[in-house]
Amino acid sequence: MSDKKEERNGSSSSSGSGPPSDIKKAGILRKLKTMKKKYFVLRNESENGAARLEYYDSEKKFKTGGAPKRTINLKTCFNINRRIDAKNKLAISLYTKDDCFSVVADSEQSQEEWLNAMLELQLDGPCLNGGARLRPKFEHVWQVTVGDKSLASSRNMKGLYRLCLTPSALALVKVDQTDRPETLEFPLMSIRRCGHTNNYFVIELGRSSITGAGELWLETEDGVIAQNMHEVTLNAMKNV
């Protein structure tokens with residue numbers, strides 16, 4: 001009965017391979033890609049390894065000492081934040097060096113708890129007083145594909161990028177295997193306007209931008225994400 005209750009809550013204090021003291025949080029989450037339930041374990045940094053997120057096919061596999069299906073070193077993550085998804089509003093995305101791994105919680109409370117716990121380990125800080133969550137490096141990060149349209153064609157920008165929003169700029173960070181990926185930063189003041197059509201987010205840049213004047217067409221996974229990018233960016237532009 002206790003195991004089933006822990007699965008429903010998405011959290012448990014079970015011990016498994018490794019010393020119990022290094023386990024910060026454990027429980028059932030879904031992988032966004034397949035929506036299949038997996039058993040996740042969040043570990044503190046210890047003599048046995050870095051602060052990390054692991055997942056197993058089941059709690060049984062974890063308790064019997066099986067090897068994790070995947071391990072993500074939290075300190076090396078580019079960013080960890082909530083994910084805006086067309087079908088799942090309770091997702092958390094971990095942006096690693098070369099891909100994006102997303103999990104789905106079963107409630108807002110569970111999502112908040114997991115996100116806070118991951119950020120604590122990534123940023124080396126406890127939750128703020130009153131239980132407020134820590135803020136990720138970038139509050140908004142989206143994975144986009146830059147094709148051959150408009151500016152991208154003339155500037156040879158084709159490829160997979162992360163689009164990151166700060167209070168004053170949009171930054172395109174190329175996803176590749178190098179330690180110092182290419183970054184293009186566009187101050188919000190240099191953006192003439194933005195919009196979305198189907199699954200594309202479009203920004204029109206002025207002559208003062210790093211690429212010069214023209215349009216950038218950024219392809220997302222679906223129209224809901226493109227719409228969210230438009231709304232959030234437009235709001236940031238109004239606040240500059």
Review point. Can you say whether the rings of Phe40 and Phe101 are parallel (under 30°), tilted (30 to 60°) or perpendicular (over 60°)?
Key: tilted
Check your understanding: Can you check side-chain hydrogen bond (donor to acceptor under 3.5 Å, both in side chains) on Trp217 and Glu215, steps first, answer last?
Key -> CA-CA 6 Å; Trp217 288 66; Glu215 289 184 346; 3.0 Å; yes
**Study point:** Residues which pass side chain to side chain donor-acceptor pair (under 3.5 Å) with His140, listed by chain and number, not counting sequence neighbours
**Key:** none
Exercise for review: Tell me, please, whether Phe62 has Lys38 positioned over its six-membered ring: NZ or CZ under 6.0 Å from the ring centre and within 45 degrees of its axis?
Suggested key: no
Review point. Tell me, which pairs form a ring-ring contact (aromatic ring centres under 6.0 Å, His included) where one or both residues lie in residues 64-83, sequence neighbours left out?
Key: Phe78-Phe138
Check your understanding: Do Arg82 and Leu115 come close enough that some side-chain heavy atom pair is under 4.5 Å?
Key -> yes
Review point. Under a 4.5 Å cut-off applied to non-hydrogen side-chain atoms, are Leu121 and Asn44 in contact?
Key: yes
Check your understanding: When clusters are formed by joining ILVMFWY residues with side-chain heavy atoms under 4.5 Å apart, either directly or through shared neighbours, do Ile80 and Tyr55 land in the same one?
Key -> yes
Check your understanding: Does the side chain of Phe201 come within less than 4.5 Å of Cys194's, by heavy atoms?
Key -> yes
Check your understanding: When the aromatic ring centroids of Tyr39 and Tyr56 are compared, is their separation below 6.0 Å?
Key -> no
Practice item. With sequence neighbours excluded, give me every salt bridge (Lys or Arg N to Asp or Glu O under 4.0 Å) pair touching residues 153-166. Key: Asp148-Lys158
Practice item. Would you please name every residue forming a side chain to side chain donor-acceptor pair (under 3.5 Å) with Gln227, sequence neighbours left out? Key: Glu231
Exercise for review: Using side chain to side chain contact (heavy atoms under 4.5 Å, CB included) as the criterion, list what pairs up with Ser209, not counting sequence neighbours.
Suggested key: Phe186, Ser190, Leu205, Thr211
Check your understanding: Under 4.5 Å between any side-chain heavy atoms of Ile23 and Lys25, yes or no?
Key -> no
**Study point:** Qualifying residues under side chain to side chain donor-acceptor pair (under 3.5 Å), relative to Arg192, sequence neighbours excluded
**Key:** none
Check your understanding: Any side-chain heavy atom of Met237 within less than 4.5 Å of one from Ile191?
Key -> yes
**Study point:** Shared hydrophobic cluster, Leu151 / Val202 (ILVMFWY, side-chain heavy atoms < 4.5 Å)
**Key:** no
Review point. When you measure from the side chain of Asn73 to the backbone N and O of Arg52, does any donor-acceptor pair fall under 3.5 Å?
Key: no
Check your understanding: Given the rule that I, L, V, M, F, W and Y join up when any side-chain heavy atoms are under 4.5 Å apart, are Leu119 and Ile92 in one cluster?
Key -> yes
